[in-house]
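Notes follow once the structure below has been shown.
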Amino acid sequence: MHATQPTPQESAVLERLAIPPQPEVLRRIAQEARREEVDLSRVAEWIAADAGLAGGLLWVVNSPLFRRRREISAIRDAVLLLGFERTRAVVRTVALRNALSHLPEMGGFWKTGVRVGETCARAVRSLRRPELVDDAYLLGLFHLVGVPALRGVFGEAYGPLLREAAVHGWSGVLQKEQAAFGVHHARIAALVTRQWHVPAAVSTAIEGQYRVAHLETLGHTDAPDLVVALKLALRALAAEDNTRLTCSEWERLTEPLADYLGLADASALEAQVDGIAVD
């Protein structure tokens, strides 16, 4: 599965979403990345001048994702701690979150998404892919952002699918979304994140998150591990929220996940999940 251009129907949905362009800070940071030597102090000044980005950066850097023993309160300290590439990733995450804040019921969505993102980051560490921690966090945060996006565009017409997903899982509504709206939530989420130049592995994993039995078709070398980490994270969180991965969905995933990870059986897979849950 390779990235494809949006269809006319998909483009119409994107236009109705009215997602604003990237803020000036992100464009400046992208230009800074092309310099031979990056000036972190200058980057910190740009971020500090944008209250929304500055507050979001401090919130993320003080979250369990970074396991800090003391709280960081200065933007410059946060940027120096994270380094350029990780600062850029966090700022992009915060900016995209802010850009989507007009969608319905996003407060609860972000609260759950942050929890999934942090758990997904732990899951990818358990796969011995620490270099994918930031991508895993992004995936956990945004993997279902297509749901409020479609709700924002189609309103009450989306209600029946919400109720069906609560019973049968989100993988069970993809075809009905496609038939009704010309696009499903995983696809529109991938298109939104691509618009904002989120790493290709993340947008590929978002679009292919339900293709666990066909991970080799995802078209990006890191996407399979990210999708697997997401499923492990959702299972680890099932005791507190099983709406994102139902028991029946997990049962169907057990065999392909165990095969991919080289585990003997379902019990070994559950043991790996338990290790993520208590990490």
Side-chain angles (χ1 to χ4, degrees), residues 56 59-60 62-67 93-94 96-97 100-101 103-127 133-152 158-174 176-177 184-186 188-190 192-193 202 205-212 225-254 256-257 266 269-279:
W59 186 81
V60 172
N62 287 307
S63 73
L65 176 66
F66 292 98
R67 302 178 177 181
T93 301
V94 173
L96 181 53
R97 184 194 68 183
L100 298 172
S101 61
L103 297 177
E105 299 184 21
M106 289 304 287
F109 178 87
W110 291 130
K111 184 177 180 180
T112 303
V114 166
R115 183 84 170 105
V116 176
E118 292 169 351
T119 309
C120 197
R122 292 203 302 272
V124 89
R125 286 191 185 103
S126 79
L127 302 181
V133 163
D134 292 337
D135 286 354
Y137 181 81
L138 266 175
L139 175 61
L141 189 62
F142 290 114
H143 72 285
L144 278 186
V145 79
V147 172
L150 292 179
R151 287 184 69 188
Y158 196 76
L161 292 174
L162 281 175
R163 293 188 285 275
E164 183 170 342
V167 177
H168 301 293
W170 286 109
S171 63
V173 302
L174 294 176
K176 292 184 178 180
E177 288 174 328
H184 56 70
H185 67 268
I188 201 67
V192 167
T193 54
V202 178
I206 288 174
E207 185 166 358
Q209 62 185 286
Y210 300 109
R211 298 182 60 83
V212 176
D225 280 349
L226 288 171
V227 170
V228 170
L230 175 64
K231 299 307 178 183
L232 295 177
L234 293 175
R235 179 60 174 174
L237 293 170
E240 58 188 75
D241 179 10
N242 65 357
T243 62
R244 296 194 174 208
L245 182 68
T246 65
C247 291
S248 59
E249 285 179 303
W250 176 252
E251 289 174 2
R252 292 193 295 271
L253 296 177
T254 297
L257 284 174
L269 182 62
E270 290 289 358
Q272 180 145 354
V273 168
D274 291 342
I276 296 165
V278 301
D279 186 12

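Hydrogens, waters and symmetry mates are skipped; everything else that's a heavy atom, side chains included, is used. When a residue number appears, it is its place in the shown sequence, counting from 1.
Remark: D225 pairs with R129, Y260 by the side chain to side chain donor-acceptor pair (under 3.5 Å) rule, at least two apart or across chains. For A189, the side-chain contact (heavy atoms from CB on, under 4.5 Å) test picks out V145, I206, with sequence neighbours left out. Listed by chain and number, the residues in a side chain to side chain donor-acceptor pair (under 3.5 Å) with H185 are E177, Y210 (sequence neighbours excluded). By the side chain to side chain donor-acceptor pair (under 3.5 Å) test, W110 is found to be paired with no residue, residues two or more places apart in sequence or in another chain being considered. Residues meeting the salt bridge (Lys or Arg N to Asp or Glu O under 4.0 Å) test with R151, sequence neighbours left out: E105.
Taken from CG in L230 to OG1 in T119, the straight-line distance is 10.5 Å, to the nearest 0.5 Å. A distance of 6.5 Å separates CG in L144 from CH2 in W170, rounded to the nearest 0.5 Å. Put simply, SG on C120 and NZ on K231 are 10.0 Å apart, with the number rounded to the nearest 0.5 Å.
Residues L141 and V114 meet the side-chain proximity criterion, which asks for heavy atoms closer than 4.5 Å. In this structure, V147 and L162 have side chains that are in contact, with non-hydrogen atoms separated by less than 4.5 Å. Residues E270 and R235 are in side-chain contact: their nearest non-hydrogen atoms beyond the backbone lie under 4.5 Å apart. Between L257 and W250 there is a side-chain heavy-atom pair separated by less than 4.5 Å.
Applying the salt bridge (charged side-chain N to carboxylate O under 4.0 Å, His left out) test to every pair with at least one member in residues 238-249, sequence neighbours left out, gives these pairs: R115-E240.
Pairing each heavy atom of H184 with each of L150, the nearest pair is C-CD1, 4.0 Å.
Without hydrogens or angle criteria, T112 side chain to F109 main chain gives no donor-acceptor distance under 3.5 Å.
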